[in-house]
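In this text, all values refer to a predicted model and were calculated from it rather than measured experimentally. So that the names make sense, note that chain A is the first sequence line, chain B the second, and so on, each numbered from 1.
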Number of protein chains: 4
Amino acid sequence: MQTKKEDIEQRIIEVATDEFMKKGYENTSMRVIAYKANTSLGNIYHYFKNKDLLLQAIILPTLENIEYMMDQHINNSKDNMLTKDEAMAYADHLDELFEQSELRCFLDKKVVIILNLESSSLLERKEKLLKKLQEHIQLHFHMQENGHYSKLIIDVLADCLRHVLIEYEDIEQAKIEFINVFKLFCTGIIGQMKC
Amino acid sequence: MQTKKEDIEQRIIEVATDEFMKKGYENTSMRVIAYKANTSLGNIYHYFKNKDLLLQAIILPTLENIEYMMDQHINNSKDNMLTKDEAMAYADHLDELFEQSELRCFLDKKVVIILNLESSSLLERKEKLLKKLQEHIQLHFHMQENGHYSKLIIDVLADCLRHVLIEYEDIEQAKIEFINVFKLFCTGIIGQMKC
Amino acid sequence: MQTKKEDIEQRIIEVATDEFMKKGYENTSMRVIAYKANTSLGNIYHYFKNKDLLLQAIILPTLENIEYMMDQHINNSKDNMLTKDEAMAYADHLDELFEQSELRCFLDKKVVIILNLESSSLLERKEKLLKKLQEHIQLHFHMQENGHYSKLIIDVLADCLRHVLIEYEDIEQAKIEFINVFKLFCTGIIGQMKC
Amino acid sequence: MQTKKEDIEQRIIEVATDEFMKKGYENTSMRVIAYKANTSLGNIYHYFKNKDLLLQAIILPTLENIEYMMDQHINNSKDNMLTKDEAMAYADHLDELFEQSELRCFLDKKVVIILNLESSSLLERKEKLLKKLQEHIQLHFHMQENGHYSKLIIDVLADCLRHVLIEYEDIEQAKIEFINVFKLFCTGIIGQMKC
DNA sequence: GATGAATGAGGCTTCATTCAT
DNA sequence: AATGAATGAAGCCTCATTCAT
């Protein structure tokens, strides 16, 4: 039973994405991926040289995209810091603003995978991204701190994402829920803002 | 080469506690514990019949303590729901109140282990505890929701704890940091309160 | 270095069957099976998910066959109890009758394995079979006892089988020997019959 | 808590004897013996250098006794072969004759241990004994065979013994049962005798 | 005498990976 | 392109045994 190349490669990627998101990269076995993708273990290695490269095939585009967006966003907003009131307004209208906001690109299974990564060759790159994200959050919200709030906010983000993405198959519902939760924490952060 | 019993058993427990907290119970191998505790794999089994019982030796007292405190706290606060203003005041003075607050007993490596537990015979017990915590949070903050926020809040709690406990060897510093972060999220939650 | 699938799987089964018969399922190590089957330990798990399933692959067909034959035999012989003389005659002509007799299906390495089983998921099923066999023997030979003789007769059966199967590679010789031994004990049993 | 030397050594021997009989030498762990004998693992090694020597302490006297009795018995009965009628009579009166018969010394937990031995340094000695026993049975019952009946008879003996010794704590009851079973098979054997 | 700490080998099993076909 | 055979390392655990105290 032979399928078009695209077909099976895609299937492997989809299955792997799902498993990586739900169980984490480290706790997912190639065997299970093969089984759920309806192919043989050996065949996965035909498409992907090893587990790490399978991971890369899945998350690298997303990772690069985020890296790029982050850079853009940071440049754009350098002299565009929000005041407390602006931030509040932003949070209040997040529903409508979401699609145009950079936040949108986080609502993605692959982001969850990245944020939960504990090993793999991409770990370093993830850390770098996190640091950038963190710095940006600090800037954005006028935080004067040693990095803990911002770090945590990112973890919370990851948690939120995993929760809503696992809970709701339907991406629209996931979005609504995500926004709700995000708003909640936004309010907290904003509450701490000095101006 | 023989050491005082307390010595090595304690070392195993310390190493295991640390590893369990940092990597999670499931992703920690007995080999690594043995290696870091400077003993042989077989010798661990001299002190602890199996991995699960090693875990229990570490977290059971803490678990029981929390269970007890939760029950106490819930009974005491049954007809003592906070208004928005009271909650705000509570958050503001958390620094002074912390030591007497039930929150204090959460600042513990073992709590992190518990909250991240994914298997083991204690899983069920953890789930029960979480449900109780969740219900209490809902009650405490007048939440009318399907459980997502409250579930998330707990995950955030776990994250906070792990972060500050890993970052600061010194428990006092960890405390200060934990309170700060907790306050931040409190503000968010309180911001959502209706009354 | 790869062999035809049948080849190595068959070799594993043959080696395991032999070892299980000679040493018992419990006292046979997977390592030894791998070694004697000229393959690696891991590779056995390629063919058989675990030790218990390797056992099942070996004995299940035989077990089911015996279960079926027992049921048939019991139904057929319900109102057909042997008199002493008939039994004697039966024993005397066992050589000729053997091939058509239900006894034939016992002359099998796998039966030895079954009869000596002490653990495994099939233990219960073995016990059930034994009870049936026992009851049947009691009925067949008009025994009025507490179960000890009949239990023992079965153990003896197992012993006989193991002996002749180990001693004689050639199944025909084993058969002759088995019949001889069986006759010997049969006559003994009959000598005690009341009618 | 220190006891008289005799005391604890005796306790170890008793426990070990029981376990060895019930589960076999190979499947009994020193740990279990220590636990059931209410002492420490290390202490067993104080009394017995290793597992094999513990076994020897238990069965060697019995083994030597049997070896001696066998030699005596064989010499005595060289020109004293039984006729069929005599053998029958012997079987019939086994109850009364048992105590004076050499058979008596077989009704012993240690004999069961010996007969089921599969490894240990005494294995060879056991085999030698078995061969002697076998030859004697052949002589005694005028068998002209290649050794299979006689070998089997011995296995049956072992089975009988284990059964009755495990089933009945009370040695008297065990004896009665053993005689019964033995008679049963005896009669069978005699039924085959030519003269 | 007695204890328990310590070790190393071996038990079953899973996993990522390679390779011949 | 695809399969499945094969391996070796690592996972948890038990066991006989040794040795310092």
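- Per the geometry, CG belonging to N38(A) stands 14 Å off C1' belonging to dT3(F), to the nearest Å.
- As rounded to whole Å, 15 Å separates atom C1' of dA20(E) from atom CD1 of I8(C).
- Nucleotide dG11(F) has dC12(E) as its partner under the Watson-Crick or G-U criteria, with both atom distances under 3.5 Å.
- In terms of modelled atom types and a separation under 3.5 Å, the side chain of K110(A) and the main chain of P61(A) share no donor-acceptor contact.
- N50(C) comes within contact range of the sugar-phosphate backbone alone, with a heavy-atom separation under 4.0 Å but no base atom that close.
- The partner of dA1(F) is absent, by the rule that a Watson-Crick or G-U pair needs both atom distances under 3.5 Å.
- To the nearest angstrom, P of dG8(F) lies 14 Å from CD1 of I44(C).
- Between I33(D) atom CD1 and dC15(F) atom P the separation is 11 Å, expressed in whole Å.
- Projected onto DNA chain F by closest heavy-atom contact, G42(C) and K51(B) fall at different nucleotides, the more 5' of which corresponds to G42(C).
- Within the 4.0 Å cut-off from OP1 or OP2 of dC13(F), at least one side-chain nitrogen or oxygen of Y45(B) is found.
- For the pair T39(D) and dT3(E), the criterion of a side-chain N or O lying under 4.0 Å from OP1 or OP2 is met.
- Considering K109(C), K36(C), K23(C) as possible partners of D18(C), the one that fulfils the salt bridge (charged side-chain N to carboxylate O under 4.0 Å, His left out) test is K109(C).
- There is no side-chain donor-acceptor pair under 3.5 Å between R11(C) and N38(C).
- Remark: of the listed residues L60(D), L55(D), I59(D), L130(D), I59(D) is the sole one forming a side chain to side chain contact (heavy atoms under 4.5 Å, CB included) with I114(D).
- For the segment residues 21-31 of chain C, the set of residues with a heavy atom within less than 4.0 Å of an atom of DNA chain E comprises T28(C), S29(C), M30(C), R31(C), in numerical order.
- Atom CG in L41(B) sits about 11 Å away from atom P in dT14(F), given to the nearest Å.
- If you measure from atom CD of E9(D) to atom P of dA2(E), you get 10 Å, rounded to the nearest angstrom.
- The residue among S40(B) and H46(D) whose nearest nucleotide of DNA chain E lies closer to the 5′ end is H46(D).
- Look at E64(C) and R125(C) and you find a salt bridge, because one of the NZ, NE, NH1 or NH2 atoms lies within 4.0 Å of a carboxylate O, short of that distance.
- Per the geometry, CG belonging to D7(D) stands 13 Å off P belonging to dG1(E), to the nearest Å.
- Put simply, the side chain of N50(B) gets close to the backbone of L53(B): a donor and an acceptor are under 3.5 Å apart.
- Checking dA5(E), dT17(F), dC13(F) against the side-chain heavy atoms of Y47(B) singles out dA5(E) as nearest.
- As a whole-Å value, the separation of L53(C) CG from dT13(E) C1' is 12 Å.
- Checking the phosphate oxygens (OP1, OP2) of dT14(F), a side-chain nitrogen or oxygen of K49(B) falls inside 4.0 Å.
- Side chain to side chain, S121(D) and Q56(D) meet the donor-acceptor criterion of an N or O pair below 3.5 Å.
- An OP1 or OP2 oxygen of dT3(E) is reached within less than 4.0 angstrom by a side-chain nitrogen or oxygen of N43(D).
- Under the side chain to side chain contact (heavy atoms under 4.5 Å, CB included) rule, I12(C) has a single partner from T17(C), D7(C), I44(C), which is I44(C).
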